[in-house]
**Student:** 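My questions will all concern the structure given below.
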Number of protein chains: 2
Amino acid sequence: MPTAYLDNLVPKSPRKRRVTIADVADALDLTKGTVSRALNNYPDISDRTRKRVAKQAERMGYRPLSHAQAIRTGRTKSLGLVLQTNAHDAQRPFLSDFLAGVTQEASAQGWSLTVATAHSQASMQATLERLINEHKADGFILPRTMVHDERIDLLRTAHVPFVLYGRTGDDTDCAWFDILGENAMRDAVLRLAGMGHRRIGFVNGGAGFNYAALRHAGYLAGLTQAGLGADPQLEAADAVTAEDGERATARLLELAAPPTALVFAVDMAALGAYGAAASRGLTIGRELSVIGYDGVPEGAYATPPLTTFNVDTRRAGERLAHLLIARIRGADPATLRECENARLLERASDGPPAVTSEELARLVRAAGNHDETNGRTR
Amino acid sequence: MPTAYLDNLVPKSPRKRRVTIADVADALDLTKGTVSRALNNYPDISDRTRKRVAKQAERMGYRPLSHAQAIRTGRTKSLGLVLQTNAHDAQRPFLSDFLAGVTQEASAQGWSLTVATAHSQASMQATLERLINEHKADGFILPRTMVHDERIDLLRTAHVPFVLYGRTGDDTDCAWFDILGENAMRDAVLRLAGMGHRRIGFVNGGAGFNYAALRHAGYLAGLTQAGLGADPQLEAADAVTAEDGERATARLLELAAPPTALVFAVDMAALGAYGAAASRGLTIGRELSVIGYDGVPEGAYATPPLTTFNVDTRRAGERLAHLLIARIRGADPATLRECENARLLERASDGPPAVTSEELARLVRAAGNHDETNGRTR
DNA sequence: GTTCCTTCCAAAACCGGTTTCGGCAAGGGG
DNA sequence: CCCCTTGCCGAAACCGGTTTTGGAAGGAAC
């Protein structure tokens with residue numbers, strides 16, 4: 001985009017000049033090299049001078065220009081985040097919180113955040129390469145990790161620091177923050193089992209994402225811990241939208257021995273169960289219990305409100321920024337790994353089974369003849 | 001944050017060196033000054049040389065380092081966006097789309113996006129000042145404009161380019177993109193009037209925001225155009241959450257001559273009407289018609305689904321980035337003003353009035369005795 | 001009183017670009 | 001043939017920082 005010359009023709013805005021490091025140096029009758037070393041705690045500066053410099057810089061309101069530093073140090077003091085905009089994304093409603101967390105922690109340490117978006121796998125890789133090549137960021141936050149994640153491959157071979165929001169298959173050299181979704185799924189099963197459910201199904205989320213594998217494992221762990229046997233027939237996968245969830249629920253309800261409760265790895269899919277239940281004359285929370293995961297706002301407005309697990313997305317952003325900055329500063333990634341639990345939101349979509357699995361099967365068959373979806377406009 | 005010296009102690013990662021302008025110059029046996037001027041279309045470079053340079057730079061994959069350019073030019077080639085995280089924000093669910101729009105247009109022109117957040121009015125001003133002082137961005141996008149907006153004052157006096165998402169009281173020197181919410185409100189009134197409603201109420205959004213003034217004007221214009229008189233009693237204001245909306249709806253329904261239809265300036269408030277209606281035994285879309293504005297996803301999951309106006313947030317982001325870059329390049333702000341209309345989503349929350357205002361008043365009074373809110377968990 | 005360290009800062013080079021300045025060579029006019 | 005432009009590029013300064021180098025001053029050891 002060759003424009004510099006043309007841009008030069010328009011009058012530069014008369015912004016008043018910033019205070020530079022030379023100004024500070026002059027005021028103290030020192031050289032700018034000395035001031036720089038003083039501010040950066042070089043050991044060959046006397047304490048007296050260091051203090052004088054610090055005080056004067058403070059008084060004059062001097063703030064180094066990070067991109068001026070960057071040209072010598074190679075560090076922009078900027079974190080990179082590339083959002084994927086094509087895919088389903090349960091995190092979308094929380095993006096604002098996430099950014100708030102990241103930027104708060106970043107700016108507290110004098111860093112900033114550079115955001116880009118990609119609409120496909122390929123453009124994701126291209127965007128990352130461009131940002132790396134142009135040094136737009138010193139490191140990257142990678143949300144929504146896959147079991148095998150190409151972004152990680154790219155950053156690893158480019159020797160660019162990164163931190164994962166989520167875990168991944170090959171941990172080597174990875175720093176991460178994650179919510180223990182597997183514990184949530186386990187607790188959901190235990191909660192339902194405690195209410196008296198004996199056939200508890202599971203509808204997993206996006207295939208390939210690392211969280212899906214973990215949440216499935218958590219579901220199985222819950223069954224074991226509750227003394228219930230696992231039945232692969234009670235499982236569905238790859239449901240991330242309401243439509244997916246409705247389809248999966250329908251299929252599970254049509255089983256000869258349908259589940260009286262469903263655990264969903266993803267809230268949006270759980271909301272799909274409402275449609276499947278309604279069109280069969282079933283009441284969520286009675287004939288069919290549902291527990292979701294994510295805490296999307298829509299859940300609170302569903303009827304009945306969806307019991308789910310809430311994730312503190314803002315805190316995730318904070319921790320990720322913290323970990324990434326540490327990583328960029330050279331900390332060992334093995335020491336930069338944190339996990340936390342999601343918090344259960346007890347609402348009204350689950351309860352003791354109003355009917356047994358056999359009775360439920362009968363209800364579903366009875367409704368089967370006049371089966372129709374309610375024409376909901378989206 | 002004095003850390004440079006310490007950072008120096010950790011081994012620099014062995015990233016392979018970028019190709020610099022000097023590399024290109026050497027390859028062509030030119031000086032870097034010449035290469036720079038060639039790439040930037042200076043008129044004192046022959047066409048032949050310009051083409052040679054362009055080709056060689058392309059071949060070597062040379063990309064100038066924007067922060068290296070910035071130190072001389074004062075331009076970071078970066079757009080700034082400070083999000084407010086405290087306030088209610090109907091745009092939250094669309095943030096992802098908005099960012100996609102902004103970053104797509106920005107990166108198409110070789111620019112990037114720097115994001116920060118603020119949790120209060122004061123921190124907003126402080127954050128803007130910091131970003132300006134540190135030259136983190138060459139200009140700013142200001143979403144959610146107020147009638148009188150302090151951010152505009154700040155940027156104006158600092159002579160920093162900006163573009164508004166929305167309009168504002170004092171237009172001087174402002175570039176903007178906006179959705180004509182006033183037209184939507186007018187059309188909503190006309191639609192309801194066309195269905196036979198004669199008493200149409202209006203629940204406005206956040207006081208102080210510029211959109212609220214405009215949407216109110218649109219509502220009044222709709223009444224006039226429909227040949228209906230305006231009745232200030234039928235208006236409420238400052239409703240931005242479901243709770244606000246529920247309260248406002250309740251008050252309007254308790255009137256001696258209640259409205260049979262309500263136009264809401266904000267979807268979330270419109271969703272509050274559902275609760276107010278339900279607790280009085282009224283069915284939305286029959287005894288009480290509701291039309292919202294924003295197109296929040298929750299609206300599609302409400303029962304019945306909310307008729308509302310959808311905003312193409314992604315496109316807004318694109319246009320705003322485009323306008324801002326033009327503004328930074330020196331274009332006259334008066335030429336950088338665009339507006340578009342929102343698109344009606346016809347769903348099921350509105351319809352011909354099932355009862356007259358008098359009958360509605362009777363129904364409300366009848367329900368008044370056993371009035372209670374349904375205990376919804378949020 | 002040398003010699004040898006230390007301590008601490010000045011001076012200068014450097015990072016990767018942009019912009020200014022000046023001069024050479026070719027071409028045109030007288 | 002000389003002078004004056006004009007076209008075109010090299011050389012060098014510059015932007016605001018960081019890092020390296022080198023040396024002066026002071027103290028300790030001999």
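The basis for the numbers below is simple: all heavy atoms, side chains too, and nothing from hydrogens, waters or symmetry mates. The chains referred to below are lettered A, B, ... by the order of the sequence lines, with proteins before strands, and numbering in each begins at 1.
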**Student:** Looking at dT19(C), dC9(C), dG17(C), which one has an atom nearest to any side-chain atom of Arg37(A)?
**Tutor:**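 The closest nucleotide is dC9(C).
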
**Student:** At 4.0 Å (heavy atoms only), tell me whether Asp29(A) reaches a base, stays on the sugar-phosphate, or touches nothing.
**Tutor:**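 Sugar-phosphate contact only - Asp29(A) comes under 4.0 Å of backbone atoms but never of a base.
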
**Student:** Could you tell me the separation between the CZ atom of Arg18(B) and the C1' atom of dG16(C), rounded to a whole number of Å?
**Tutor:**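 In whole Å, dG16(C) C1' and Arg18(B) CZ are 8 Å from each other.
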
**Student:** Using the six-membered ring wherever Trp is involved, compare the ring planes of Phe98(A) and Tyr165(A) and label them parallel, tilted or perpendicular (cut-offs 30° and 60°).
**Tutor:**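 Ring orientation of Phe98(A) relative to Tyr165(A): parallel.
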
**Student:** Just the rounded figure in Å: distance from P of dC9(C) to CG of Asn41(A).
**Tutor:**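 About 14 Å, once rounded to whole Å.
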
**Student:** Output the rounded distance in Å from NZ (Lys32(B)) to P (dT18(C)).
**Tutor:**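 So the two atoms are 10 Å apart, to the nearest Å.
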
**Student:** Please name all residues satisfying side-chain hydrogen bond (donor to acceptor under 3.5 Å, both in side chains) with Arg319(B), sequence neighbours left out, ordered by chain then number.
**Tutor:** Glu338(B)

**Student:** Would you kindly compare Pro43(B) and Ile71(B) by the position of their nearest DNA chain D nucleotide and give the one closer to the 5′ end?
**Tutor:** Pro43(B)

**Student:** Supply the atom-to-atom distance Asp153(B) CG to His148(B) NE2, rounded to the nearest 0.5 angstrom.
**Tutor:** 4.0 Å

**Student:** Considering only dC9(D), dG17(C), dT18(D), which nucleotide approaches the side chain of Asp44(B) most closely?
**Tutor:**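 That would be dC9(D).
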
**Student:** Would you indicate, yes or no, if dC9(C) has its OP1 or OP2 atom less than 4.0 angstrom from a side-chain nitrogen or oxygen of Thr34(A)?
**Tutor:**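 For Thr34(A), the contact criterion (side-chain N or O under 4.0 Å from OP1 or OP2 of dC9(C)) is not met.
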
**Student:** Roughly how many Å is it from NE2 in His67(B) to C1' in dT18(D), rounded to a whole number?
**Tutor:**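 Rounded to whole Å, this separation is 13 Å.
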
**Student:** Arg63(B) has an atom CZ; how far is it from atom P of dG17(C), in whole Å?
**Tutor:** 11 Å

**Student:** Who passes side chain to side chain contact (heavy atoms under 4.5 Å, CB included) against Glu129(B), sequence neighbours left out?
**Tutor:** Leu154(B)

**Student:** Please enumerate all residues that pass side-chain hydrogen bond (donor to acceptor under 3.5 Å, both in side chains) together with Thr127(A), with sequence neighbours excluded.
**Tutor:** none

**Student:** Do any side-chain atoms of residues 55-68 of chain A form donor-acceptor pairs under 3.5 angstrom with protein atoms, and if so which ones, sequence neighbours left out?
**Tutor:**
unit_1	atom_1	unit_2	atom_2	d
Arg63(A)	NE	Glu134(B)	OE2	3.3
Arg63(A)	NH2	Glu134(B)	OE2	3.1
Ser66(A)	OG	Lys136(B)	NZ	3.0

**Student:** In whole Å, I'd like the distance from the CG atom of Leu39(B) to the C1' atom of dG16(C).
**Tutor:**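 So the two atoms are 13 Å apart, to the nearest Å.
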
**Student:** Could you work out which one of dC9(D), dG16(C), dG17(D) sits closest to the side chain of Leu65(B)?
**Tutor:**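 Closest nucleotide to the Leu65(B) side chain: dG16(C).
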
**Student:** Check DNA chain C against residues 49-61 of chain A and give the residues with a non-hydrogen atom under 4.0 Å, in numerical order.
**Tutor:**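 By residue number: Thr49(A).
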
**Student:** By nearest atom, which of the nucleotides dA11(D), dA11(C), dG17(C) is closest to the Thr31(A) side chain?
**Tutor:** dA11(C)

**Student:** Using the side-chain hydrogen bond (donor to acceptor under 3.5 Å, both in side chains) criterion, which residues pair with Arg314(B)? Sequence neighbours excluded.
**Tutor:**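 With neighbours one apart ignored, the set is Gln104(B).
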
**Student:** Answer with base, sugar-phosphate or nothing: what part of the nucleic acid does Ser46(B) contact at a heavy-atom distance below 4.0 Å?
**Tutor:** sugar-phosphate

**Student:** Could you tell me the separation between the CG atom of Asp23(B) and the C1' atom of dG16(C), rounded to a whole number of Å?
**Tutor:**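 Taking atom C1' of dG16(C) as the reference, CG of Asp23(B) is at 10 Å.
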
**Student:** Given Gln121(B) and Gln125(B), is the side chain to side chain donor-acceptor pair (under 3.5 Å) satisfied, shown in steps?
**Tutor:** CA-CA 7 Å; Gln121(B) 177 96 349; Gln125(B) 299 295 96; 5.6 Å; no

**Student:** Spell out yes or no: do the side chain of Arg75(A) and the base of dT18(D) have one donor N/O and one acceptor N/O closer than 3.5 Å?
**Tutor:** no

**Student:** Note down the inter-axis angle between the two ends of the helix from dG1(C)-dC30(D) to dG30(C)-dC1(D), five pairs each, to the nearest 10°.
**Tutor:**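 Rounded value for the end-axis angle: 60°.
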
**Student:** State whether Arg72(A) places a side-chain N or O below 4.0 Å from either non-bridging phosphate oxygen (OP1 or OP2) of dT20(D).
**Tutor:**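 Result: no.
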
**Student:** Is there a side-chain polar atom (N or O) of Tyr62(A) under 4.0 Å from OP1 or OP2 of dG16(D)?
**Tutor:**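 False: Tyr62(A) side-chain N/O out of range (4.0 Å or more) of dG16(D) OP1/OP2.
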
**Student:** Below 3.5 Å, can you tabulate the donor-acceptor pairs from side chains in residues 21-34 of chain B to any protein atom, sequence neighbours excluded?
**Tutor:**
unit_1	atom_1	unit_2	atom_2	d
Asp23(B)	OD2	Arg17(B)	NH2	3.4
Asp23(B)	OD2	Thr20(B)	N	2.9
Thr31(B)	OG1	Thr34(B)	N	3.4
Thr31(B)	OG1	Thr34(B)	OG1	3.0
Thr34(B)	OG1	Arg37(B)	NH2	3.2

**Student:** Can you list the residues that meet the salt bridge (Lys or Arg N to Asp or Glu O under 4.0 Å) rule with Asp332(A), with sequence neighbours excluded?
**Tutor:** none

**Student:** Round to the nearest Å and state the distance from Ile45(B) atom CD1 to dT19(C) atom C1'.
**Tutor:** 12 Å

**Student:** How would you label the contact of Thr20(A) with the nucleic acid (heavy atoms, under 4.0 Å): base, sugar-phosphate, or nothing?
**Tutor:**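 The residue Thr20(A) makes sugar-phosphate contact but no base contact.
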
